[in-house]
Each structure stands twice: as C-alpha cells, then as structure tokens.
Engineer: 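First the structure, which I've put down as structure tokens, then a few questions once you've had a look.
Counting starts at 1 for both ligands and their atoms, in listed order. These figures come from a predicted structure and were not determined experimentally.
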Amino acid sequence: MTAVDLATRVPADTASAPLAAIERRHGMGFVPKRDVALVRGAGARVWDADGVEYLDLTSAHGVAALGHAHPRVADAVAAQARALVSCQDAFPNDVRAAYLSRLARFLPGEPGRELDRVFLCNSGAEAVEAALKLARLSTGRTRVLAARGAFHGRTMGSLSATWRKEYREGVEPLVPHFEHVAFNDAGALDAALTREHAAVLLEVVQGEGGVHAASADYLRRAREMCDERGALLILDEVQTGFGRTGRRFAYERRGVAPDLLCMGKAIAGGVPMGGVAAGPRVAPPRPGSHGSTFGGNPLACAAALATLDVVEAEGLVERSDRLGASWLEDLRAIDSRAVREVRGEGLMIAMELRARVAPVLDALARRG
Ligand code: PLP
C-alpha cells in the first residue's frame, strides 16, 4: 500500500505529533520517545500516523523475524482468541502441547545434549530469570559468571547479569554472587570459573553490546570448562534466535549446545512470549519453585506455532543467511571515512560509525 492509500485510511487526528505528546505525558518515561508514531506494519515496512512509509531496519528490536503482521500469525491468533485465550499451567492444553513438542524438535541439540524440556514465559528477561533459577536449583550453587558488555534484561536477576552501569545505577543492590569477565576471552573465563559456580551465562552474539560475536573456539572452551567444573552453560539467544543470524540459533554455527537456552523476541511472531529450554544436565525443578500466570498461554502458543510454520515453510533461516551475506558485502563496499566497521552474522548487522550516530539515524528516517 502506498503512503497515499494509507493516508486516506488514517483519521486526521491520529497524526504522529499528538500521539507522541500523549505518550510523553502519560507514559512512564523510561524510554525517550521519537516523533514518529507507528500505526501499521506489513512485512519489512511500517507506516506512521501521517501515512509515511518506512523500511524497518530495526526489526522492532529483533522481534519481527517474519516481518510485521504476518497473515499466518494474525489468523492463528484470531482463531485461538475465539477458542481459548488463557489456560493455567496446571491444565494441559492442545495448542501448548503441540507447540512444546514442535519447539523441542526445532531446537538444535547434540547427542546427549537434547534441549527437550521447555518452560514458557512472557519475555526475554523472564526467560533469563527462569534459567538462573534452574541453574541454582539444579547445581545447589549460587555464583554466576556473565560477560562484560552483556545485556540480559532489566529485571533484578537478569539485570545482575547485564553489564552496563547506566542500567544498574540507582536500583542496586542487585542479586549477589554475579561476576563479569571479558567476553570472548577463554583465558579470562578459565581464571574466573570455579567449582562453586552454578552457571556461565553468555550471548552468542552480543546484541545490545554492539553485535560482537563469540568465536566457535571460545564457546567450545566455555562448554568444556563448564563440564569440567560442574557449572551449567546458559546461552541467551533472546535476540539471536529463530533465524536472525542465519542459523536457527547462533550456537548451531559453532557446534556447541548449551544446558539452558533462553529465547524471546521473535519466538511468537511479535506476540509476547519467552522460553527457556533445558538439556539433560539440568535437574528437574522442585514443583512450585517457579511459575507464571500467563506463561504458555494458548494465544501465544498459537502464534508461536504459526511462527515456526512460517520460518520452515518460507525457508527464513536460509534466507537470513543469504540476505545477510549480501547486505554485509554491500555495506562493506561503502567507501566512507565515517564508517569504522561493519560486522554481523545473518541479518543481525551493525555498522559502527566514527561520527555521532543520532543525526545519521534521523536523516535515514527522513528518507524512509
Ligand atoms: N537477552 C537479550 C540478549 C536481549 O537482547 C534482551 C532484550 O533486548 C533480553 C534478554 C531481554 O528481553 P525482554 O526485553 O523481552 O525482557
């Protein structure tokens, strides 16, 4: 649909400026608001309240792996909303059971490291919280090693593993027994990891930290050290999962399977959902030690099931690998002193500039 078509469908009083004013006035203000109010999306495009069309290079923070408003997801959500929206965890449900078994088949494992038990929740941070609790429950240990530059969420547990000071300031003390070591440095991990650690928690490609990828060798060494010292390896693929990096999960490219895998963002085609999958080294938790009212609700499960259908039917993992490689090549061909580095994996791509980035982003937005 062109901007003109859309403009005729948007009532005059929904232009961006007043919407931004309302959100600035009545939102909590944790996130500074842009002036563009988004009201519709289709595929890789979004439209603002003034009918202007944009190519969405943000992927809605890594959520829109299928693009926006995929019709298969929309249909699945609408049908499920008429059947059953909510179903507490104590009662099995047809859609949840179908999704759990489908997801278990989708998750790349290795012999002896199958990720075939999943706790479903509602966000990436919740997935990290659940993984941390499972690690402590399973090992009976408390210490957790995370990486410098890491981002794992902003709830108190996940924030304890998040690196940046700005996120932590003013809300400390956080959960004790969390430490940070240099990322992608096996020597640093070796020196820090003890037999008292419950877990090593890592992103395979640090997202918020600037798209920095762990090497296969580093992850393999981390895997070996965790096995040796009785710690669990938790991989946070909230941002990198479901094809973003040109593999189902970024660990697949490195041939290293985790004990606990955190998922979120793209998992349900834009509907809020998170999940943590566990391998055989993770002991079954004590009943009641964790839970979530909305976790695994049939509405989100229907969206997630449709998402896996689309990922597989449309070959989106391979597409991400292919398109990512050509984007990287084209971006690297830009001959400009302003560009410090272009890096990435699949369609998770960063361009680091020497100059301030905000004016560049504004200029890009003005050109759609
Ligand atoms: N883990 C990683 C790697 C993330 O990138 C994020 C969000 O950006 C999170 C966890 C937290 O996810 P959520 O914002 O859904 O709580």
Engineer: Please determine whether a side-chain nitrogen of the Lys or Arg among Arg281 and Asp227 lies less than 4.0 Å from a carboxylate oxygen of the Asp or Glu.
Structural biologist: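 So Arg281 pairs with Asp227 through a salt bridge.
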Engineer: For Glu196, enumerate each residue passing the side-chain hydrogen bond (donor to acceptor under 3.5 Å, both in side chains) test, keeping only those at least two apart in sequence or located in another chain.
Structural biologist: Arg143
Engineer: Would you mind writing out a table of all protein N or O atoms found under 3.5 Å from any N or O atom of ligand 1, naming both atoms and giving the distance to 0.1 Å?
Structural biologist:
unit_1: ligand 1; atom_1: 1 (N); unit_2: Asp236; atom_2: OD1; d: 3.2
unit_1: ligand 1; atom_1: 1 (N); unit_2: Asp236; atom_2: OD2; d: 2.7
unit_1: ligand 1; atom_1: 5 (O); unit_2: Gln239; atom_2: NE2; d: 2.8
unit_1: ligand 1; atom_1: 8 (O); unit_2: Lys265; atom_2: NZ; d: 2.8
unit_1: ligand 1; atom_1: 12 (O); unit_2: Ala125; atom_2: N; d: 3.4
unit_1: ligand 1; atom_1: 15 (O); unit_2: Gly124; atom_2: N; d: 2.9
unit_1: ligand 1; atom_1: 16 (O); unit_2: Ala125; atom_2: N; d: 2.8

Engineer: Do Asp362 and Arg366 sit within salt-bridge range, that is, some charged N less than 4.0 Å from a carboxylate O?
Structural biologist: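 Salt bridge flag = no for Arg366 with Asp362.
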Engineer: Cluster partners of Phe119, using ILVMFWY side-chain heavy atoms under 4.5 angstrom, listed by chain and number?
Structural biologist: Val128, Leu132, Leu134, Val144, Val175, Phe178, Leu201, Leu232, Ile234, Leu260, Val276, Val282
Engineer: Kindly write out the residues that satisfy salt bridge (Lys or Arg N to Asp or Glu O under 4.0 Å) with Arg221, not counting sequence neighbours, or none if the list is empty.
Structural biologist: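 Per chain and number, Arg221 pairs via salt bridge (Lys or Arg N to Asp or Glu O under 4.0 Å) with no residue.
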Engineer: Are Arg244 and Asp321 ion-paired here, with the side-chain N under 4.0 Å from a carboxylate O?
Structural biologist: no
